[in-house]
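Throughout, protein chains are lettered first and strands after them, A, B, ... in sequence-line order, and every chain is numbered starting at 1. All values below come from the heavy atoms of this structure, side chains included, with hydrogens, waters and symmetry mates left out.
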Amino acid sequence: MINYKGVSIVRKKVTILENINLSLNAGDFAYLTGNVGSGKSSLLKTIYAEIPVETGTAKVAGYSLNDIERNEIPYLRRKLGIIFQDYRLLNDRNIYDNLKFVLEAAEISDRKEIRNRISEVISKVNLEGRENKMPYELSGGEQQRAGIARAIVNNPQIILADEPTGNLDPDSYYSIMEILVKLAKAGTCVLIATHNQELIEKYPGINYHIENKTLRLI
Amino acid sequence: MSNTTWRVRSAYFTSVVSITLVLLMIGITSLLIINAHKLSDYAKSNIGFTVFLKENVRPIEIDRLEKTLSIAKYSKSAKFVSKEEASSKLINELGEDFIELMGYNPLPNSIEILLKPEYTQEDSINSIRREILKNKSVDEFFYQKSLVLAINENVKKLSLIGIIFTILFLFISVALINNTVRLSIFSKRFLIQTAQLVGASDKFIRKPFVIKSIISGILSASFASLAVTGIVLILKSDFKNIITVEGIWQIVSITFIFGITITGISGSRAVSQFLKTDSDKLQLEE
Ligand SMILES: Nc1ncnc2c1ncn2[C@@H]1O[C@H](COP(=O)(O)OP(=O)(O)OP(=O)(O)O)[C@@H](O)[C@H]1O
Ligand SMILES: [Mg+2]
């Protein structure tokens, strides 16, 4: 699913990660840990092709990130579900339409299917009754859960989560983690960037750690 | 209605108003252009010439000549002026009875011709002159050369100024509308970026923005057309023959074509621009 060999990540001429190797398969449940500013988000951004990969070879969901064309990027991203550190909901429409947007963008036009998939994920993240709220009318934690719903609504092959539990109280994040674990068991590749040590103890998985600009497995 | 929705609506309203104003100016400009030839025809409507006849020409010949001249392709009207009419007109103008002074009437019979606007150029007048002088009854051909030159010169100058202004104006209009549309899309630049991140293609993202821009174009064009129609209706009674309702459909079409194409293209280009700007630059833009 994700295969990085000898990849270096450079932002504005500053090397953030050097010569890293990363290999994840379908059904893997993995963590990406490291200090603040160590480059966790940057690594995730290369996976969804927001930062280009210039050195080493990188493959994600069948796409080579070294020479991916601009017009192929949307297709790569439709295979990914991304949970952003800062939620990134579309602020001009309600939660329901946020989810609908992802499905329509992925060229799913069957209204009934759209409705069913949305109500399914809405109940998975416990946002029933909030579908018609605008993102700014929700609490941070609720927005976080809406972001998670959006990430999983299109049945992605890979889920990338950047601090998915940052704004959640323990009860909420346990339920979110249960969802992610279940998805991994069903064959989705899940990669979670986090500082939350407690999370890792409670839901064990593969652990990639960033230290001194390098990535190692612990 | 929540506070935010209100602000969004009022921003949309503002952009529709400014596009309307620009389209209204385009409408008025086209009104002037469409009616410009009427204006120049009007300016040329007094250009003509006088044919002086020989002394001994018989009335029947005069009659025939007058008929020929009045149906000639270049003539708008031809009117016989007898030597008596000519002299009494001149006496009126001079305020002095020169016939009594001279003992006879020195003025000849004549025919006054007014030209159609398309024959008022100097060279067409000259060729008309050559033809008319062939006629045995004609003694002399007279026209006010300086007046003809001056009128033609001024019409030419004014047309040129009109064209330059129109072109300048088009540029300004396109720039103004482009800016208005861009500004309204600018506020959604982060939305565009997020849409990209969740797998939407450029085309899919662009579509609703282009549709919305075009709708604002159509709305604005409708308001502008109404206003131009109103202006025409008010002015047509004061400027008979110069401003008429005939051209109104052309003006309305021009306004709509302009409104739709400029807003559509501007909308599409603005979105494309934000689609291609990387996220760091997007943060910096103001
Ligand atoms: N847009 C950018 N341009 C240049 N450098 C950047 C940019 N964004 C982040 N960086 C730098 O890259 C490094 C890694 O940042 P990144 O956001 O990947 O860290 P992180 O591990 O996700 O941190 P956190 O735990 O706080 O989310 C930091 O040193 C940061 O200063
Ligand atoms: Mg981060």
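With a 6.0 Å radius and a threshold of 12 heavy atoms from other residues, nucleotides or ligands, B/F223 has its CZ atom at or below the threshold. The environment of CZ in B/R269 is sparse: at most 12 heavy-atom neighbours from other residues, nucleotides or ligands sit within 6.0 Å. Within 6.0 Å of the NZ atom in B/K76, the count of heavy atoms belonging to other residues, nucleotides or ligands exceeds 12. More than 12 heavy atoms of other shown residues, nucleotides or ligands fall within 6.0 angstrom of atom NZ in B/K116. The environment of A/D110 atom CG is dense: over 12 non-hydrogen atoms of other residues, nucleotides or ligands sit within 6.0 angstrom.
Among A/E107, A/R88, A/M134, the residue making the largest number of heavy-atom pairs under 4.5 Å with chain B is A/R88.
The parts of A/L90 that come within reach of chain B are both its backbone and its side chain, each placing non-hydrogen atoms under 4.5 angstrom from that chain. Heavy atoms closer than 4.5 Å to chain B are found nowhere in A/N154, neither backbone nor side chain. At a 4.5 Å heavy-atom cutoff, the contact between A/F101 and chain B is made by backbone and side-chain atoms alike. With a threshold of 4.5 angstrom between heavy atoms, A/Y75 does not approach chain B through any atom at all. Neither the backbone nor the side chain of A/K79 comes within less than 4.5 Å of any heavy atom in chain B.
Under the rule for a salt bridge (charged side-chain N to carboxylate O under 4.0 Å, His left out), A/E131 has no partner lying at least two apart in sequence or in another chain. Residues satisfying the salt bridge (charged side-chain N to carboxylate O under 4.0 Å, His left out) criterion with B/D202, sequence neighbours excluded, are A/R70. Listed by chain and number, the residues in a salt bridge (charged side-chain N to carboxylate O under 4.0 Å, His left out) with B/D123 amount to none (sequence neighbours excluded).
A/E104 has its side chain within reach of B/F204: a pair of non-hydrogen atoms, C-beta onward, lies under 4.5 Å apart.
At a heavy-atom cut-off of under 4.5 Å, chain A is reached by B/L191, B/Q193, B/T194, B/A195, B/Q196, B/L197, B/V198, B/G199, B/A200, B/S201 from residues 191-201 of chain B, listed in order of number.
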